Amino acid sequence: MAIITLGTMAFDAIETPFGKIDKIVGGSATYVAYAASHLTNPVQQISIVGNDFPEEEMNELKSRGVDLSGVEVVPDQKSFFWSGKYHLDMNSRDTLVTDLNVLANFNPKVPEQYQDAKYLMLGNLMPSLQLSVIEQLRTRPELVVLDTMNFWMETAMADLKKVLQKVDVLLINDSEARQLSGEYSIVKSAKSILKMGPRFLIIKKGEHGALLFHQNEVFFAPALPLEEVFDPTGAGDAFAGGFIGHIDHTKNISFENMKTAIIVGSAMASFCVEAFGPQRLKEISRKDIELRLEEFVQLVNFDISLV
Ligand code: AMP
């Protein structure tokens, strides 16, 4: 049993109020894999890179139980490149550059040994490619989770709506939920998005936590109040990796267990933002994760008998 993860493996250039870095490894699937591999393995990755993607990074991922046989290496092209600049509040950012490079001709292929995966994490990528992976699987996974972003809503909304009909869980942020539904109220947008296909909807609100919607139920997970958010890049993907990693670790797709999964996701996101790129996700230990989860429990733990 395993998770399949699909997404970008990339180079990023990032500017935050704390500093600037011109080239660092990133990509939605890279962050998902680093986060998920703390909780479960194998993580069966599907992605594409150029001749410039570092061998050491591939080896680092492999050493954590990430299967890279679904990662295509194109010898004469460059990896996907993204550049973003964060605003002072760190909750919003401007995309400065999106160079598709190898992604322009990506045609993901699901390796034979991935066919039995129980869960599918469709990381942020062209919706048509997300759909292609769903269609290549002979048996539908027990849970299909989809992450996307405003870029695809602006450039590929029709394809995105098609893939939405085939997934169980959608992960987006609050402004993307408004964009997708055309509703300003988060609750109204959740109701409208739950009619588009997914049975579960997770709306991330950056430093204000995340909401999980299912039928008429809603659950709130806070974000850890951190003194310093150094670089929010990849926080959404680390959240997704923590979420699907916990689901695979526990093999339980109930609403109750998804509540825990979004806390695990929030914990992985809280580590991710502490340094540039996926650095913190590489450094942390099992003990660090347990301590952070305990901090989350304490954050919302209060005594109702005193009321
Ligand atoms: P997040 O901060 O969670 O939205 O993820 C940021 C990561 O997503 C960066 O490392 C980028 O390389 C990658 N990324 C940015 N734009 C896209 C896009 N349009 N499609 C796929 N991945 C992207």
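Values in this document were obtained by computation on a predicted structure and should not be read as measured data. Scope of the values below: all heavy atoms of this structure, side chains included, with no hydrogens, waters or symmetry mates. Order of listing sets the numbers, starting from 1, for every ligand and every atom in it.
Within the listing of ligand 1, atoms 2 (O), 6 (C), 9 (C), 10 (O) sit less than 4.0 angstrom from a heavy atom of Thr233. Within the listing of ligand 1, atoms 12 (O) sit less than 4.0 angstrom from a heavy atom of Ala10. In summary, the atoms of ligand 1 found under 4.0 Å from a heavy atom of Gly236, numbered by their order in the structure, are 3 (O). The atoms of ligand 1 that sit less than 4.0 Å from any heavy atom of Trp152 are 18 (C), 19 (N), 20 (N). Each of the following atoms of ligand 1 lies closer than 4.0 Å to a heavy atom of Gly26: 10 (O). Residue Phe151 approaches ligand 1 through these ligand atoms, each under 4.0 Å from one of its heavy atoms: 19 (N).
Distances between N or O atoms of Tyr31 and those of ligand 1 include no value under 3.5 Å. Considering backbone and side-chain N/O atoms, Asp12 comes within less than 3.5 Å of an N/O atom of ligand 1. At least one N or O atom of Gly27, backbone or side chain, sits closer than 3.5 Å to an N or O atom of ligand 1.
Salt-bridge check for Glu274 with Lys282: failed, with every basic side-chain N at 4.0 Å or more from each acidic carboxylate O.
For the atom pair OH (Tyr119) and CD1 (Ile244), the distance works out to 8.0 Å, reported to the nearest 0.5 Å.
In this structure, a donor-acceptor pair under 3.5 Å is present between the side chains of Asp94 and His87. A donor-acceptor contact closer than 3.5 angstrom links the side chains of Thr250 and Asn257. When only modelled atom types and interatomic distance are considered, Ser28 and Asp237 share no side-chain donor-acceptor pair under 3.5 Å. A side-chain donor-acceptor contact under 3.5 Å links Glu154 and Gln179.
Ligand 1 does not have Phe11 within reach: every non-hydrogen atom of the residue lies 4.0 Å or more from it. Within the 4.0 Å heavy-atom shell around ligand 1 one finds Arg93. Heavy atoms of Phe80 come nearer than 4.0 angstrom to ligand 1 in at least one pair.
The shortest distance between side-chain heavy atoms of Pro222 and Ile263 falls below 4.5 Å.
Nearest protein heavy-atom neighbour of atom 21 (C) of ligand 1: Asn124 O, 3.0 Å. Closest to atom 22 (N) of ligand 1, if we only count protein heavy atoms, is Thr8 OG1, 3.0 Å. In terms of protein heavy atoms, atom 16 (N) of ligand 1 is closest to Trp82 CD1, 3.4 Å.
The proximity of Met149 to ligand 1, defined as any non-hydrogen pair under 4.0 Å, is limited to the side chain. At a heavy-atom distance under 4.0 Å, atoms from both the backbone and the side chain of Asp237 approach ligand 1.
No cation-pi contact links Arg64 to Tyr34, judged by a cut-off of 6.0 Å to the six-membered ring centre and 45° from its axis.
Between Leu68 and Tyr114, the closest heavy-atom pair is C-OH, 4.1 Å. The heavy-atom pair separating Leu170 from Leu180 by the smallest distance is CD2-CD2, 3.9 Å.
Taking the six-membered ring where the residue is Trp, the centroids of Phe230 and Phe18 are separated by under 6.0 Å.
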